[in-house]
Amino acid sequence: MATHLSERQLDTGWRDYLELTKPKVVVLMLITSLVGMFLATRAGVPWTVLLFGNLGIGLCAGAAAAVNHVVDRRIDALMARTHKRPLAEGRVAPVPALLFALLLAVLGMVLLLTFTNPLTAWLTLASLLGYAVVYTGFLKRATPQNIVIGGLAGAAPPLLGWVAVSGHLSAEPLLLVLIIFAWTPPHFWALAIHRKAEYAKADIPMLPVTHGEHYTKVHILLYTCVLLAVSLLPFAIHMSGPLYLACAVLLGLRFLQWAWVLYRGVRPHAAIKTFKYSVWYLFLLFIALLVDHYLLLNL
Ligand code: HEM
Ligand SMILES: CC(C)=CCC/C(C)=C/CC/C(C)=C/COP(=O)(O)OP(=O)(O)O
């Protein structure tokens with residue numbers, strides 16, 4: 001009986017620590033870093049960089065997410081979407097969570113310094129601090145532009161992947177960052193409209209709370225137009241071919257359609273559906289970049 005109980009507690013503990021790393025978000029980020037790696041070279045990506053580079057980036061992103069759980073534990077407890085989180089419910093205490101984050105960050109940095117290059121490691125550390133300290137610690141509570149500026153940290157992984165392979169900065173991966181940078185506001189503000197009352201309750205100045213739903217929907221529309229335009233640039237600079245272009249146009253037009261439906265207010269649950277589509281959009285767009293890259297190589 002006692003053994004059963006401790007096994008269950010152990011299982012819950014393990015799951016709680018995994019939840020601290022925001023695994024679904026990190027997986028999508030790793031897909032973008034993986035694509036950055038493959039696009040950086042015409043030859044194959046060394047398996048050590050592929051494996052340990054992504055592991056290092058993922059561990060650092062997970063560390064940043066764990067710090068976010070610690071810093072936000074009081075506001076998370078106030079919102080229905082987040083109130084069951086390990087720190088919000090007190091299943092994990094702040095000190096062990098911070099030690100866990102430190103362990104992940106150190107492991108991640110050691111892997112990046114050993115198997116990639118110093119530039120990748122320092123850019124990853126800057127992204128970690130950008131999300132955990134600048135966004136979570138300051139911007140989130142300070143300005144409705146919080147996620148626009150903070151979005152840079154989440155947009156970094158394709159650049160990190162590219163630099164892990166090439167060793168230097170260049171225009172192409174910055175373009176990939178720009179795509180995710182333009183994607184983040186529609187991604188997040190759609191959810192923020194859906195969860196507006198909760199953000200207001202937690203006194204977080206998200207755009208729909210400070211400027212209203214109409215203003216937010218207009219900005220989602222504008223950013224989605226910018227996103228569609230920016231997503232065509234890889235084709236324009238001959239980084240990607242016609243398959244990518246076709247996918248970018250179709251995926252972008254569908255995003256625009258959701259943003260328009262949300263703006264018009266003609267469909268129930270349009271905000272959460274737009275949010276869910278945003279995740280599919282980014283996933284499919286980066287898969288298109290990858291498939292197109294290999295088609296171009298084999299032509
Ligand atoms: C500052 C920028 C960003 C903000 C404020 C933001 C915000 C959010 C929020 C609040 C959620 C709901 C999380 C949950 O309930 O678990 C979410 C979900 C998600 N985000 Fe973001 N996000 C940002 C950037 C990104 C980036 C850059 C990616 C990936 C490249 C990403 C991928 C995802 C995914 C995959 C989900 C769905 C998670 C699930 O289904 O549980 N986000 N985002
Ligand atoms: C090293 C590296 C690539 C770092 C990036 C780290 C990272 C996990 C960024 C995620 C962006 C994100 C989910 C923001 C939401 O935070 P929130 O506090 O607004 O959302 P919440 O209310 O769900 O916690």
Side-chain angles (χ1 to χ4, degrees), residues 21-22 25-65 67 101 104-135 149-184 227 230-231 233-240 244 248 282-283 285-294 296-297:
T21 64
K22 303 197 176 178
V25 178
V26 172
V27 165
L28 185 58
M29 284 183 178
L30 288 182
I31 290 169
T32 69
S33 74
L34 204 69
V35 173
M37 284 182 184
F38 283 113
L39 262 58
T41 171
R42 293 187 161 269
V45 178
W47 73 267
T48 46
V49 175
L50 199 63
L51 181 64
F52 297 118
N54 280 302
L55 196 57
I57 295 167
L59 286 169
C60 289
V67 175
L104 296 191
V106 170
L107 266 177
M109 287 298 288
V110 168
L111 286 179
L112 292 174
L113 285 166
T114 310
F115 294 101
T116 66
N117 47 62
L119 184 58
T120 308
W122 302 128
L123 286 172
T124 305
L125 185 63
S127 311
L128 189 167
L129 296 175
Y131 177 58
V133 179
V134 181
Y135 170 76
I149 314 163
L152 257 183
L159 176 73
L160 304 177
W162 187 294
V163 174
V165 172
S166 73
H168 57 263
L169 292 172
S170 46
E172 295 96 328
L174 288 171
L175 191 52
L176 301 180
V177 170
L178 194 62
I179 292 176
I180 306 183
F181 184 67
W183 164 87
T184 303
L227 174 63
V230 169
S231 73
L233 293 178
F235 177 77
I237 66 164
H238 306 294
M239 181 179 155
S240 304
Y244 168 75
L282 199 70
F283 171 69
L285 191 81
F286 272 74
I287 295 297
L289 277 167
L290 188 63
V291 174
D292 176 273
H293 180 69
Y294 279 96
L296 275 187
L297 282 186

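The first residue in the sequence is number 1, and the count goes up from there.
Applying the side-chain contact (heavy atoms from CB on, under 4.5 Å) test to L50 and every residue at least two apart in sequence or in another chain returns L34, M37, F38, V45, N54. In this view, Y244 satisfies the side chain to side chain donor-acceptor pair (under 3.5 Å) rule with no residue, not counting sequence neighbours. Under the ring pair (Phe, Tyr, Trp, His ring centres under 6.0 Å) criterion, F115 pairs with F52, not counting sequence neighbours. T114 is linked by a side chain to side chain donor-acceptor pair (under 3.5 Å) to nothing, counting only residues two or more places apart in sequence or in another chain.
Inter-residue side-chain proximity for L30 and I57 is flagged as met; some heavy-atom pair is nearer than 4.5 Å. Side-chain atoms of V134 and L152, non-hydrogen and from C-beta on, never get closer than 4.5 Å to each other. L59 has its side chain out of reach of L112: every pair of non-hydrogen atoms, C-beta onward, lies at least 4.5 Å apart. With a 4.5 Å cut-off on side-chain heavy atoms, L175 and P234 count as touching.
For the atom pair CZ of F181 and CD1 of I149, the computed distance is 8.0 Å after rounding to the nearest 0.5 Å. Separation of atoms CG (L28) and NZ (K22) is listed at 14.0 Å; rounding is to 0.5 Å. A distance of 11.5 Å separates CG in L176 from OG in S231, rounded to the nearest 0.5 Å. Considering CG of L51 and CG of L111, their distance stands at 8.5 Å, rounded to 0.5 Å. A distance of 9.5 Å separates OG1 in T184 from CG in L227, rounded to the nearest 0.5 Å. With values rounded to the nearest 0.5 angstrom, L119 atom CG is found 5.0 Å from L169 atom CG.
The two residues P158 and P173 come nearest to each other via the heavy atoms O-CB, 4.5 Å. V26 and A61 get closest at one heavy-atom pair: CG2-CB, 4.0 Å. When all heavy atoms of T32 and P157 are compared, the closest pair comes out as OG1-CB, 3.4 Å.
Annotation: side-chain hydrogen bond (donor to acceptor under 3.5 Å, both in side chains) contacts involving residues 152-181, sequence neighbours excluded, comprise W162-S170.
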Please tabulate, for the side chains in residues 121-130, all donor-acceptor contacts under 3.5 angstrom to protein atoms that are two or more places apart in sequence or on a different chain.
residue: T124; atom: OG1; partner: T120; partner atom: O; Å: 2.7
residue: S127; atom: OG; partner: L123; partner atom: O; Å: 2.9

Please assess V163 against N117 for the test side chain to side chain contact (heavy atoms under 4.5 Å, CB included), listing each intermediate value before the final yes or no.
CA-CA 8 Å; V163 174; N117 47 62; 4.0 Å; yes
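With F286 as reference, I180 is the one residue of I180, V291, L39 to meet the side-chain contact (heavy atoms from CB on, under 4.5 Å) rule.
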